[in-house]
Amino acid sequence: ITPQELDARIDSARSEATAEPGDTAKQLELAELLWRRGDYESAGAIYRTLLSRNPSLAVEAPLSQRMEQLPTGQWIILT
């Protein structure tokens, strides 16, 4: 996939995720694409939101490989 194709997919996924903010699958798809582009902060922000809504996602890939919860309860990005 070229950088231009990735950007186009991100734009499309962002539109879908914005239209349906409660749709976990669409949020995860956007976060995955952002991660692939190297935008870890934006992807991490989406992951944090999803984890705050549904903490059980923490044990599922890719979140279990990309986010870690500190003893304080704060989520950090693993890059």
Side-chain angles (χ1 to χ4, degrees):
I1 185 169
T2 68
Q4 294 82 10
E5 291 170 332
L6 182 57
D7 286 343
R9 289 180 62 189
I10 288 170
D11 289 342
S12 176
R14 183 174 282 123
S15 294
E16 291 180 20
T18 300
E20 297 185 54
D23 187 322
T24 299
K26 289 183 180 178
Q27 300 299 319
L28 284 172
E29 178 182 2
L30 175 57
E32 173 65 22
L33 291 168
L34 290 166
W35 191 274
R36 286 178 62 187
R37 186 172 68 187
D39 189 351
Y40 305 119
E41 288 299 321
S42 296
I46 294 169
Y47 291 146
R48 282 186 194 97
T49 299
L50 292 172
L51 289 164
S52 71
R53 291 184 199 157
N54 187 353
S56 67
L57 289 173
V59 297
E60 296 181 24
L63 276 76
S64 64
Q65 301 161 348
R66 297 183 177 165
M67 301 293 289
E68 182 177 329
Q69 190 172 28
L70 299 175
T72 61
Q74 179 183 5
W75 289 97
I76 61 167
I77 302 167
L78 303 174
T79 56

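Only a predicted model underlies this, so the values are computations on that prediction, with no experimental measurement involved. Throughout, numbering of the chain's residues begins at 1 and tracks the sequence.
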*Kindly compute the distance separating OG (S56) from CG (L51), expressed to the nearest 0.5 Å.*
9.0 Å

_Can you list everything that forms a side-chain contact (heavy atoms from CB on, under 4.5 Å) with D23? Sequence neighbours excluded, please._
E20, A25, K26

For residues 69-79, dump all side-chain donor-acceptor pairs below 3.5 Å to protein atoms at least two apart in sequence or in another chain.
unit_1 : atom_1 : unit_2 : atom_2 : d
Q69    : NE2    : G73    : O      : 3.2
T72    : OG1    : Q74    : N      : 3.4

*asked:* Nearest 0.5 Å, please: how far is CD in Q65 from CG in L63?
replied: 9.5 Å

*A31 versus A43, closest heavy-atom pair with distance*: O-CB, 3.4 Å

*Out of curiosity, N54 CG to T49 OG1, how far, rounded to the nearest 0.5 Å?*
12.5 Å

*For S12, which of R14, R9, E16 qualifies under side-chain contact (heavy atoms from CB on, under 4.5 Å)?*
E16

*Using modelled atom types only, decide if a donor and an acceptor are shared between the side chain of Q27 and the backbone of G22 within a distance under 3.5 Å.*
no

*T24 vs L57 side-chain heavy atoms within contact, under 4.5 Å*: yes

*For the atom pair CG (L6) and CG (L34), what is the distance rounded to the nearest 0.5 Å?*
8.5 Å

*Does the pair R36 and I1 meet the rule for a side chain to side chain contact (heavy atoms under 4.5 Å, CB included), with working shown?*
CA-CA 11 Å; R36 286 178 62 187; I1 185 169; 3.3 Å; yes

*With sequence neighbours left out, what residues match R66 under side-chain contact (heavy atoms from CB on, under 4.5 Å)?*
E32, W35, Y47, P62

*Going only through I, L, V, M, F, W and Y residues with side-chain contacts under 4.5 Å, is there a path from V59 to M67?*
no

